[in-house]
Participant: 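My questions all concern the structure below.
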Amino acid sequence: QMQLVESGGGLVQPGGSLRLSCAASGFTLDYYAIAWFRQAPGKEREGVSCIGAAGGSPNYADSVKGRFTISRDNAKNTVWLQMNSLKPEDTAVYYCAAVHYSGSYLSLDKHEYDYWGQGTQVTVSS
(Lines give C-alpha, C1' and ligand atoms only; values in the text may rest on other atoms or scores of the structure.)
Protein backbone atom coordinates (compact mmCIF):
# COMPACT_ATOMS: atom_id res chain seq x y z
CA GLN A 1 0.00 0.00 0.00
CA MET A 2 1.39 3.39 -1.01
CA GLN A 3 1.75 5.75 1.92
CA LEU A 4 3.29 9.12 2.72
CA VAL A 5 3.94 9.90 6.37
CA GLU A 6 4.81 13.38 7.57
CA SER A 7 6.61 14.12 10.82
CA GLY A 8 8.49 16.94 12.52
CA GLY A 9 5.70 19.38 13.23
CA GLY A 10 5.25 21.09 16.56
CA LEU A 11 5.07 24.36 18.44
CA VAL A 12 7.80 26.92 17.77
CA GLN A 13 8.30 30.57 18.59
CA PRO A 14 8.34 33.23 15.85
CA GLY A 15 11.76 33.31 14.24
CA GLY A 16 12.38 29.67 15.03
CA SER A 17 12.94 26.67 12.78
CA LEU A 18 11.43 23.28 12.13
CA ARG A 19 12.31 20.48 9.75
CA LEU A 20 9.45 18.42 8.36
CA SER A 21 9.99 14.95 6.92
CA CYS A 22 7.89 13.04 4.41
CA ALA A 23 8.69 9.34 4.27
CA ALA A 24 7.28 7.08 1.58
CA SER A 25 6.40 3.43 2.07
CA GLY A 26 5.04 0.86 -0.35
CA PHE A 27 6.66 2.60 -3.31
CA THR A 28 9.88 4.37 -4.26
CA LEU A 29 9.97 8.11 -4.84
CA ASP A 30 12.46 7.95 -7.72
CA TYR A 31 9.92 8.88 -10.41
CA TYR A 32 7.67 11.08 -8.32
CA ALA A 33 7.52 14.83 -7.97
CA ILE A 34 6.83 15.78 -4.35
CA ALA A 35 5.19 18.87 -2.97
CA TRP A 36 4.42 20.34 0.41
CA PHE A 37 1.06 21.99 0.98
CA ARG A 38 -0.44 23.64 4.03
CA GLN A 39 -3.91 24.40 5.24
CA ALA A 40 -4.77 26.87 7.96
CA PRO A 41 -8.19 26.83 9.66
CA GLY A 42 -10.85 28.28 7.40
CA LYS A 43 -8.48 28.61 4.45
CA GLU A 44 -7.87 26.75 1.23
CA ARG A 45 -5.02 24.27 1.01
CA GLU A 46 -2.10 26.08 -0.62
CA GLY A 47 1.10 24.93 -2.23
CA VAL A 48 4.30 25.72 -0.36
CA SER A 49 7.08 24.05 -2.31
CA CYS A 50 7.69 21.25 -4.77
CA ILE A 51 10.67 19.32 -6.05
CA GLY A 52 11.14 17.20 -9.13
CA ALA A 53 11.91 13.51 -9.21
CA ALA A 54 15.60 14.21 -9.84
CA GLY A 55 15.71 16.97 -7.24
CA GLY A 56 16.67 19.92 -9.43
CA SER A 57 15.20 23.47 -9.48
CA PRO A 58 12.61 23.41 -6.70
CA ASN A 59 9.60 25.73 -6.80
CA TYR A 60 8.44 27.88 -3.85
CA ALA A 61 5.42 29.97 -3.02
CA ASP A 62 6.31 33.66 -2.76
CA SER A 63 5.31 33.66 0.91
CA VAL A 64 8.09 31.22 1.84
CA LYS A 65 10.88 32.07 -0.60
CA GLY A 66 14.17 32.63 1.17
CA ARG A 67 12.89 30.98 4.37
CA PHE A 68 11.96 27.41 3.39
CA THR A 69 14.09 24.84 1.62
CA ILE A 70 12.86 21.58 0.13
CA SER A 71 15.21 18.66 -0.41
CA ARG A 72 15.05 14.95 -1.06
CA ASP A 73 17.09 11.78 -0.84
CA ASN A 74 15.66 9.08 -3.06
CA ALA A 75 17.96 6.50 -1.48
CA LYS A 76 16.21 7.20 1.82
CA ASN A 77 12.80 7.55 0.16
CA THR A 78 12.34 10.80 2.04
CA VAL A 79 11.68 14.46 1.32
CA TRP A 80 12.28 17.26 3.81
CA LEU A 81 11.07 20.81 4.26
CA GLN A 82 13.43 23.00 6.27
CA MET A 83 11.51 25.97 7.62
CA ASN A 84 13.44 28.93 9.02
CA SER A 85 12.42 32.37 10.27
CA LEU A 86 8.95 31.05 10.99
CA LYS A 87 6.07 33.49 11.32
CA PRO A 88 2.67 33.12 13.00
CA GLU A 89 1.08 33.09 9.55
CA ASP A 90 2.96 29.86 8.80
CA THR A 91 0.73 28.10 11.31
CA ALA A 92 -1.13 25.31 9.49
CA VAL A 93 -1.36 21.59 8.95
CA TYR A 94 1.40 20.68 6.50
CA TYR A 95 0.90 17.87 3.99
CA CYS A 96 3.23 16.20 1.56
CA ALA A 97 1.90 14.94 -1.74
CA ALA A 98 3.25 12.94 -4.68
CA VAL A 99 2.57 12.58 -8.38
CA HIS A 100 4.20 10.15 -10.80
CA TYR A 101 6.04 12.65 -13.00
CA SER A 102 9.67 13.02 -14.02
CA GLY A 103 9.46 16.18 -16.11
CA SER A 104 10.82 19.64 -15.41
CA TYR A 105 7.53 21.49 -14.89
CA LEU A 106 6.75 21.66 -11.18
CA SER A 107 3.25 22.51 -10.08
CA LEU A 108 1.94 23.86 -6.79
CA ASP A 109 -1.64 23.08 -7.81
CA LYS A 110 -3.09 20.58 -5.36
CA HIS A 111 -5.21 19.02 -8.11
CA GLU A 112 -2.05 17.79 -9.84
CA TYR A 113 -1.10 15.44 -6.97
CA ASP A 114 -2.47 11.95 -6.45
CA TYR A 115 -1.07 10.71 -3.15
CA TRP A 116 -1.26 12.54 0.16
CA GLY A 117 -0.01 12.11 3.68
CA GLN A 118 -2.13 12.63 6.78
CA GLY A 119 -0.52 15.95 7.70
CA THR A 120 1.51 17.34 10.59
CA GLN A 121 0.58 20.40 12.65
CA VAL A 122 2.92 23.39 12.73
CA THR A 123 2.10 26.12 15.21
CA VAL A 124 4.13 29.33 15.37
CA SER A 125 3.33 31.27 18.50
CA SER A 126 4.99 33.02 21.41
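As the structure is a prediction and not an experimental result, all values here were calculated from the model.
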Participant: In the hydrophobic clustering that connects Ile, Leu, Val, Met, Phe, Trp and Tyr at side-chain heavy-atom distances below 4.5 Å, which members other than L108 occupy its cluster, ordered by chain and number?
Facilitator: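 None; L108 is a cluster of one.
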Participant: Any side-chain heavy atom of V12 sitting closer than 4.5 Å to one from T123?
Facilitator: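 No. Closest side-chain heavy atoms not under 4.5 Å.
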Participant: Check whether any side-chain N or O of N77 sits under 3.5 Å from a backbone N or O of A24 as a donor-acceptor pair, and report yes or no.
Facilitator: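 Yes: the side chain of N77 pairs with the backbone of A24.
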Participant: Could you name each residue pair satisfying salt bridge (Lys or Arg N to Asp or Glu O under 4.0 Å) that touches residues 22-31, not counting sequence neighbours?
Facilitator: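 For residues 22-31: none.
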Participant: Who passes disulfide bond (SG atoms under 2.5 Å apart) against C22, sequence neighbours left out?
Facilitator: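 Disulfide bond (SG atoms under 2.5 Å apart) check on C22 returns C96.
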Participant: Check the pair S49 / N59 against side-chain contact (heavy atoms from CB on, under 4.5 Å), numbers first and verdict last.
Facilitator: CA-CA 5 Å; S49 181; N59 193 13; 5.9 Å; no
Participant: Looking at side-chain heavy atoms only, is the closest gap between V124 and Q13 below 4.5 Å?
Facilitator: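 No - every pair of side-chain heavy atoms lies 4.5 Å or more apart.
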Participant: List in chain and number order the residues that pass side chain to side chain donor-acceptor pair (under 3.5 Å) with S17, two or more places apart in sequence or in another chain; answer none if no residue qualifies.
Facilitator: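 With neighbours one apart ignored, the set is N84.
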Participant: Report the hydrophobic cluster partners of L106, with the cluster defined as I, L, V, M, F, W, Y residues connected by side-chain heavy atoms closer than 4.5 angstrom, directly or transitively.
Facilitator: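 None; L106 is a cluster of one.
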Participant: Can you list everything that forms a side chain to side chain contact (heavy atoms under 4.5 Å, CB included) with S126? Sequence neighbours excluded, please.
Facilitator: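 S126: side chain to side chain contact (heavy atoms under 4.5 Å, CB included) contacts with P14.
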Participant: Where do G47 and A61 come nearest, in terms of heavy atoms and distance?
Facilitator: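 Answer, listing the atom of G47 first, then A61: O-CB, 3.4 Å.
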Participant: Going by salt bridge (Lys or Arg N to Asp or Glu O under 4.0 Å), name the pairs with one or both residues in residues 50-66, residues two or more places apart or in two chains.
Facilitator: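 As it turns out, the salt bridge (Lys or Arg N to Asp or Glu O under 4.0 Å) pairs with a partner in residues 50-66, which skip direct neighbours, are D62-K65.
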Participant: Would you list the pairs meeting disulfide (SG to SG under 2.5 Å) in which at least one residue belongs to residues 23-91, sequence neighbours left out?
Facilitator: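 Residue pairs with at least one partner in residues 23-91: there are none.
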Participant: Can you name the residues that form a salt bridge (Lys or Arg N to Asp or Glu O under 4.0 Å) with K43, not counting sequence neighbours?
Facilitator: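 K43 satisfies salt bridge (Lys or Arg N to Asp or Glu O under 4.0 Å) with no other residue.
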Participant: I need the minimum non-hydrogen distance between I70 and P58, along with the two atoms involved.
Facilitator: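 Reported closest heavy-atom pair: CG2-CB, 3.4 Å.
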Participant: Hey, does V122 have a side-chain heavy atom less than 4.5 Å from the side chain of M83?
Facilitator: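 The answer is yes, as the side chains (C-beta and beyond) meet within the 4.5 Å cut-off.
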Participant: Which distance, rounded to the nearest 0.5 Å, do you find between the CZ of F37 and the CH2 of W116?
Facilitator: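 Rounded to the nearest 0.5 Å, the CZ-CH2 separation comes to 4.0 Å.
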Participant: Nearest 0.5 Å please: distance from the CD atom of Q118 over to the OG1 atom of T120.
Facilitator: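 Rounded to the nearest 0.5 Å, the CD-OG1 separation comes to 7.5 Å.
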Participant: With the 4.5 Å side-chain cut-off for hydrophobic clustering, are L81 and V99 part of the same group?
Facilitator: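 No; tracing contacts between hydrophobic side chains, which count when under 4.5 Å, never links both residues.
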Participant: Side chains of V79 and L29, heavy atoms from C-beta outward: is any pair under 4.5 Å?
Facilitator: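 They are in contact (side-chain heavy atoms under 4.5 Å apart), so the answer is yes.
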Participant: Please list all pairs meeting salt bridge (Lys or Arg N to Asp or Glu O under 4.0 Å) that have one or both residues in residues 32-41, counting only residues at least two apart or in different chains.
Facilitator: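 Matches after skipping sequence neighbours: R38-E46, R38-D90.
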Participant: Tell me, do T78 and R72 make a side-chain contact under 4.5 Å, heavy atoms counted?
Facilitator: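 No, side chains not in contact.
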Participant: Which pairs pass salt bridge (Lys or Arg N to Asp or Glu O under 4.0 Å) with one or both residues in residues 98-122, sequence neighbours excluded?
Facilitator: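 Listed by first then second residue: E44-K110.
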Participant: Looking only at atom types and distance, does a side-chain atom of Y113 sit under 3.5 Å from a main-chain N or O of S107, one as donor and one as acceptor?
Facilitator: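 Answer holds: yes.
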Participant: Look up atom CD in Q39 and atom CD in Q121, then write down how far apart they are to the nearest 0.5 Å.
Facilitator: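 So the gap between those two atoms works out to 11.0 Å.
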Participant: Please check this pair: side chain of N74 against backbone of A53, looking for a donor-acceptor N/O pair closer than 3.5 Å.
Facilitator: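 Flag set: sc N74 to bb A53 pair under 3.5 Å.
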Participant: Would you list the pairs meeting ring-ring contact (aromatic ring centres under 6.0 Å, His included) in which at least one residue belongs to residues 53-108, sequence neighbours left out?
Facilitator: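 Every pair satisfying ring-ring contact (aromatic ring centres under 6.0 Å, His included) with a residue in residues 53-108: Y32-H100.
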Participant: Where do V93 and R45 land on the side-chain contact (heavy atoms from CB on, under 4.5 Å) test, with the steps shown first?
Facilitator: CA-CA 9 Å; V93 178; R45 190 170 297 188; over 6 Å; no
Participant: Do F27 and Q3 come close enough that some side-chain heavy atom pair is under 4.5 Å?
Facilitator: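 No. Closest side-chain heavy atoms not under 4.5 Å.
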